Amino acid sequence: MNELSTTFYLRQLLVGRDIGRANAAGRQMQNFVYLVGDRATRQCLVVDPAWDIKGILACAAEDDMRIVGALVSHYHPDHIGGSLFGLNVEGLAALMTDNPCPVHVHKLEADGVIEITGISESDVRRHEGNDRVKLGDVEVELLHTPGHTPGSQCFRVDRALVSGDTLFLQGCGRVDLPGGSAEEMERTITQRLASLPDDLTLYPGHAYGGEHAPLGEVRKNNPFFTRATRRTSNRP
Ligand SMILES: [Zn+2]
Ligand SMILES: [Zn+2]
């Protein structure tokens, strides 16, 4: 059970609105970057640093927070930087230059992250599912949620679930890209995420269908969620 902290800090940054305003591709992709941390120690982690590293660092500085690590939801370039449809997206590599810090990745995607972004092995911390990263009184639990990619992870921290491309308010991540698996996604939705409380707030990796919502509401309203759950419960 995660402890709740009175000093929990979370900031949601929408690419194209809060950061990377000049980036038309970023605006179109509607990616979210998150800062999560502890107001008492003024330390935070950045989830999926991409599109505008200086903008992200400025937002943290504005709140008097220091970025001491990065959490990677999965290894797609719109979340970590790299080449995307011929476009060079800024990401982890620029973060390592401007604000070097450990990068927390699921072990199945560590090699992919290194290959796509060019960061070095020594920057990367390879994690298993259910590992925790602690910042002062605030603890982030790394949940392994394959389906969109083999090493996708969601981050449970305080009353928040930061879900990357695993789950959006109105859908879930594509399973038809390399490494994607519809079966794993179904298991993630109906089993791996099933025991999480309804009163967590879901913070997705893209603003598809909304910016955040209580997990209980998403369970009721997200068509993929209701369909997958129904299919499983109908099974003999
Ligand atoms: Zn993705
Ligand atoms: Zn994405």
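For ligands, and for the atoms within them, numbers begin at 1 and follow the listed sequence. For this chain, numbers begin at 1 and follow the sequence in order. Since the model is a prediction, treat every value here as computed from it, not as a measurement. Values below: all heavy atoms of this structure, side chains included; hydrogens, waters and symmetry mates excluded.
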Checklist line | Identified side chain to side chain donor-acceptor pair (under 3.5 Å) counterpart of His127 within the set His104, Glu109, His144 | finding: His104
Salt bridge [X]-[Y], side-chain N to carboxylate O under 4.0 Å:
X	Y	answer
Arg17	Glu211	yes
Glu121	Arg126	yes
Arg187	Glu184	yes
Lys107	Asp131	no

Next item on the list: Less than 2.8 Å from the Zn ion (ligand 2) is the window; count the protein N, O or S atoms in it.
Entry: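 Total protein N/O/S atoms under 2.8 Å from the Zn ion (ligand 2): 4.
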Checklist line | salt bridge (Lys or Arg N to Asp or Glu O under 4.0 Å) partners of residues 54-67, not counting sequence neighbours, each pair once | finding: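 Found Arg11-Glu62, Arg11-Asp63, Arg42-Asp64, Lys54-Asp98.
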